[in-house]
Amino acid sequence: ALADALVALVALVVYGRALGNGYALDDIPIITHPLIQALHTLPAALASPWWYSTHHLYRPLTLLFLGVEHLAGGRSPLAPHAANLILYALTAILLRRLYARFVAPGAALAGALLFAVLPVHAEAVAAVVGQAELISALALVALLLLVTADAPPTLRRLGVAALLAAAA
């Protein structure tokens with residue numbers, strides 16, 4: 001628990017300044033997506049393309065998250081930036097737990113701390129559209145934790161694994 005708290009704290013401190021960010025250029029097409037502007041249109045976002053105007057890509061979970069954040073946050077960039085920080089910190093925590101299955105606890109902590117401070121993650125954490133990558137990373141690490149567990153496969157575990165794989 002202490003190691004998880006340390007990893008989360010480091011991730012939040014390193015990328016915490018992202019909370020003050022506004023919307024970047026790539027964020028605008030997503031934030032203005034017509035289906036995330038009202039609660040009653042959010043379900044339709046699950047079947048909508050990511051780049052609405054060009055009909056490219058499909059990221060329904062991200063659109064749903066951003067729609068809820070957009071509406072709950074009063075269309076302020078603070079809510080999606082806070083969500084990005086939380087997703088990033090959770091990913092770093094789960095990564096430490098995954099590492100701990102294969103290496104000594106100190107090495108697992110060091111690996112997770114290195115992940116938490118890597119500047120290559122700045123764009124995903126600091127831009128609202130990076131939430132797609134953060135959701136994918138979190139789902140992938142959670143999937144790896146699930147499939148490397150000592151517990152035998154059950155129908156429920158297989159179902160959760162399928163959902164995590166789809167989310168990733």
Side-chain angles (χ1 to χ4, degrees), residues 1 3-53 56-99 112-146 160-168:
D4 287 345
L6 178 61
V7 168
L9 179 64
V10 168
L12 294 173
V13 167
V14 168
Y15 287 105
R17 290 182 55 194
L19 288 174
N21 290 355
Y23 292 121
L25 185 60
D26 285 348
D27 297 337
I28 303 304
I30 300 305
I31 295 305
T32 59
H33 194 294
L35 296 178
I36 68 167
Q37 304 304 315
L39 189 58
H40 71 279
T41 60
L42 276 182
L46 294 174
S48 172
W50 174 246
W51 292 107
Y52 189 78
S53 61
H56 290 163
L57 303 176
Y58 179 63
R59 296 181 176 155
L61 192 56
T62 307
L63 275 180
L64 184 65
F65 275 44
L66 288 173
V68 169
E69 294 157 16
H70 190 61
L71 296 171
R75 294 173 171 71
S76 163
L78 181 61
H81 285 301
N84 280 8
L85 283 171
I86 291 166
L87 289 166
Y88 187 65
L90 287 173
T91 302
I93 289 168
L94 294 185
L95 193 61
R96 189 209 58 81
R97 292 178 183 184
L98 180 64
Y99 290 160
L113 288 171
L114 178 61
F115 174 86
V117 301
L118 280 174
V120 72
H121 301 138
E123 187 175 354
V125 179
V128 171
V129 294
Q131 196 163 122
E133 285 77 18
L134 295 170
I135 291 170
S136 178
L138 181 62
L140 181 60
V141 175
L143 174 63
L144 290 170
L145 271 169
L146 181 69
V160 171
L163 289 174
L164 287 170

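Each residue takes its place number in the sequence, starting with 1.
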Next on the checklist: Side chains of Leu66 and Ile30, heavy atoms from C-beta outward: is any pair under 4.5 Å?
Outcome noted: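 In short, these two side chains touch, coming nearer than 4.5 Å.
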
Checklist entry - With a 4.5 Å limit on heavy-atom distance, are the side chains of Ile36 and Leu42 in contact? => result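 A side-chain contact under 4.5 Å exists here.
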
With sequence neighbours excluded, what pairs up with [X] under the side chain to side chain contact (heavy atoms under 4.5 Å, CB included) test?
X      : value
Ala79  : Glu69
Ser76  : Leu78
Leu163 : none
Leu6   : Val10, Leu109, Leu113

Next on the checklist: My understanding is that only residues two or more places apart in sequence, or in another chain, count here; which of them pass side-chain hydrogen bond (donor to acceptor under 3.5 Å, both in side chains) with Asn21?
Outcome noted: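 Applying side-chain hydrogen bond (donor to acceptor under 3.5 Å, both in side chains) to Asn21 gives none.
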
Donor-acceptor contacts under 3.5 Å from residues 137-146 side chains, at least two apart:
none

Item to check | Test log, rule side chain to side chain contact (heavy atoms under 4.5 Å, CB included), inputs Leu134 and Thr91 | outcome: CA-CA 8 Å; Leu134 295 170; Thr91 302; 5.6 Å; no

Checklist entry - Can you pull the ring pair (Phe, Tyr, Trp, His ring centres under 6.0 Å) pairs that have at least one residue in residues 57-83, sequence neighbours excluded? => result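 Those involving residues 57-83 do not exist here.
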
Which side-chain N or O atoms in residues 114-129 pair as donor and acceptor under 3.5 Å with protein atoms at least two apart or in another chain?
unit_1: His121; atom_1: ND1; unit_2: Tyr88; atom_2: OH; d: 2.7
unit_1: His121; atom_1: ND1; unit_2: Phe115; atom_2: O; d: 3.1

Checklist entry - Please, which pairs that meet salt bridge (Lys or Arg N to Asp or Glu O under 4.0 Å) have at least one residue in residues 83-96, sequence neighbours excluded? => result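 Passing the test, one end in residues 83-96: Asp4-Arg96.
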
Next on the checklist: If we ignore hydrogens and angles and just use 3.5 Å, is the side chain of Gln37 paired with the main-chain N or O of Ile31 as donor and acceptor?
Outcome noted: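 The answer is yes, because a donor-acceptor pair under 3.5 Å joins these two groups.
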
Checklist entry - If you draw a 6.0 Å radius around CZ in Arg17, do more than 12 non-hydrogen atoms from other residues or ligands fall strictly inside? => result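 For Arg17, atom CZ is not crowded (no more than 12 foreign heavy atoms under 6.0 Å).
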
